[in-house]
Amino acid sequence: MPELPEVETIANGLRQGGFGQPSILGRRIERAHLLWRRSLASPSPEEFERRVVNQAIEEVGRRGKFLVLRLSRDYLLFHLRMSGDLIAEPVSTAIAPHHRLIIDLDEGLRLAFNDARKFGRAWLVDDAATVLGSLGPEPLDPNLTPAAFHARLTARRRQLKPLLLDQSFLAGLGNIYSDEALFLAGLHPLALAHKLTLAQSERLLNSIRQTLQEGIRHHGASIDWVYRGGDFQNHFRVYRRTGEPCRVCGSLIQRLRLNQRSTHFCPVCQQLPSGNMSLPPGEVT
DNA sequence: ACGAGCGCCTGTCGGC
DNA sequence: TGCCGACAGGCGCTCG
């Protein structure tokens with residue numbers, strides 16, 4: 001499920017509780033059980049199940065697409081990748097088919113890492129930076145100024161879409177929100193980052209922030225069989241709208257494949273600058 | 001430094 | 001109905 005708005009929604013739910021879900025803040029870990037070996041990146045299962053016990057969950061946050069649980073002594077980090085989810089539920093609940101890591105808490109609660117596709121990972125580390133250290137800036141951080149963003153963009157000789165997906169460039173964007181942000185900014189996904197003007201960079205930053213805030217306001221997007229109650233999927237402007245009319249100009253939304261991933265854009269609202277024309281057009285649907 | 005392709009996994013959907 | 005390929009919100013790894 002997870003891009004920045006979805007991870008933010010999950011973190012908020014675990015922290016505050018509500019909608020029938022209990023808060024895990026302040027709960028003490030009583031035991032842990034790993035059900036799928038590879039869901040734990042580090043340390044070993046034996047060390048994890050021993051070391052995590054008796055630590056309290058003191059803070060629940062997010063960095064990029066990572067969920068960050070600050071415990072008494074360590075950090076418990078999760079990356080949900082494609083299908084992961086973190087669920088707080090009563091210990092009396094039956095173990096769901098795709099639960100990969102079970103963490104029993106006091107007061108009869110359980111924190112479950114559920115992940116159908118098994119791409120997600122958990123880490124228990126004393127220093128969060130060992131996992132989060134290479135992440136780029138948070139897009140919603142006000143310290144990221146248009147000038148600073150422009151400097152980052154022009155330092156790279158890359159196409160915009162792959163660059164926005166690069167978590168060391170900017171932390172939190174995935175396939176949905178990068179397509180949506182590029183549309184709002186009126187920039188072609190294959191446009192070159194180092195050719196952007198300051199005004200274009202500022203517009204892109206504002207578009208990224210607007211898209212992410214919209215996503216958070218709608219509690220994220222729920223598509224396919226994964227559902228968390230968010231409804232941002234009803235407000236997509238280009239993502240998965242191939243062949244449908246652009247909401248601004250009526251042109252048909254196009255799709256192209258970039259590194260095995262779908263990219264959606266409006267061929268009229270998002271023109272490729274002439275400087276990019278030497279590039280092969282790619283396979284367009 | 002960068003792009004392209006593949007592997008990791010399970011599930012859903014549309015076409016035949 | 002069953003089978004098969006395409007596709008899916010990510011990312012680390014190779015290889016040019």
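Throughout, a chain's letter reflects where its sequence line sits, starting with A, and its residues are numbered from 1.
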Would you tell me if any nitrogen or oxygen in the side chain of [X] comes within less than 4.0 Å of OP1 or OP2 on [N]?
X: A/S83; N: C/dA8; answer: no
X: A/R255; N: C/dA6; answer: no
X: A/N259; N: B/dG3; answer: no
X: A/R81; N: B/dC9; answer: no
X: A/H79; N: C/dC11; answer: yes
X: A/K65; N: C/dG10; answer: yes

>> Using a distance-only criterion (donor-acceptor N/O pair, under 3.5 Å, no hydrogens), is the base of C/dA8 paired with the side chain of A/R117?
In response: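 By the distance-only test, yes, there is a pair.
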>> Taking atom types as they are modelled, would you say the side chain of A/E6 forms a donor-acceptor pair with the base of C/dG9 within the 3.5 Å cutoff?
In response: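 Side chain to base: pair found, below 3.5 Å.
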>> So is the aromatic ring of A/F119 stacked onto the base of B/dC8, judging by whether the centres are under 5.5 Å apart and the planes are under 30° apart?
In response: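 The ring of A/F119 is stacked on B/dC8.
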> Between B/dG3, C/dG9, C/dG10, which nucleotide has the shortest distance from any of its atoms to the side chain of A/P162?
Replying inline: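 Closest of the options to the side chain of A/P162: B/dG3.
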> Nearest of C/dG10, B/dG11, B/dC9 to any side-chain atom of A/H98?
Replying inline: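 The listed nucleotide nearest to A/H98's side chain is B/dG11.
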>> Regarding A/R237 and A/D179, does a basic nitrogen lie under 4.0 Å from an acidic carboxylate oxygen?
In response: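 Salt bridge flag = no for A/D179 with A/R237.
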> Distance from A/C269 atom SG to A/L187 atom CG, nearest 0.5 Å?
Replying inline: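 Here the rounded value is 11.5 Å.
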> Would one find more than 12 heavy atoms of other residues, nucleotides or ligands at under 6.0 Å from atom CZ of A/R157?
Replying inline: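 Not buried by this count: 12 neighbours or fewer within 6.0 Å.
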> Looking at side-chain heavy atoms only, is the closest gap between A/R241 and A/R247 below 4.5 Å?
Replying inline: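 The answer is yes; the side chains approach within 4.5 Å.
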Atom-pair distance ([atom1] on [X]; [atom2] on [N]), nearest Å:
X: A/L163; N: B/dA4; atom1: CG; atom2: P; value: 14 Å
X: A/Q260; N: C/dC13; atom1: CD; atom2: P; value: 18 Å
X: A/R261; N: B/dA4; atom1: CZ; atom2: C1'; value: 14 Å

> Centres of the A/F236 and A/F183 rings: under 6.0 Å?
Replying inline: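 They do not qualify: ring centres at least 6.0 Å apart.
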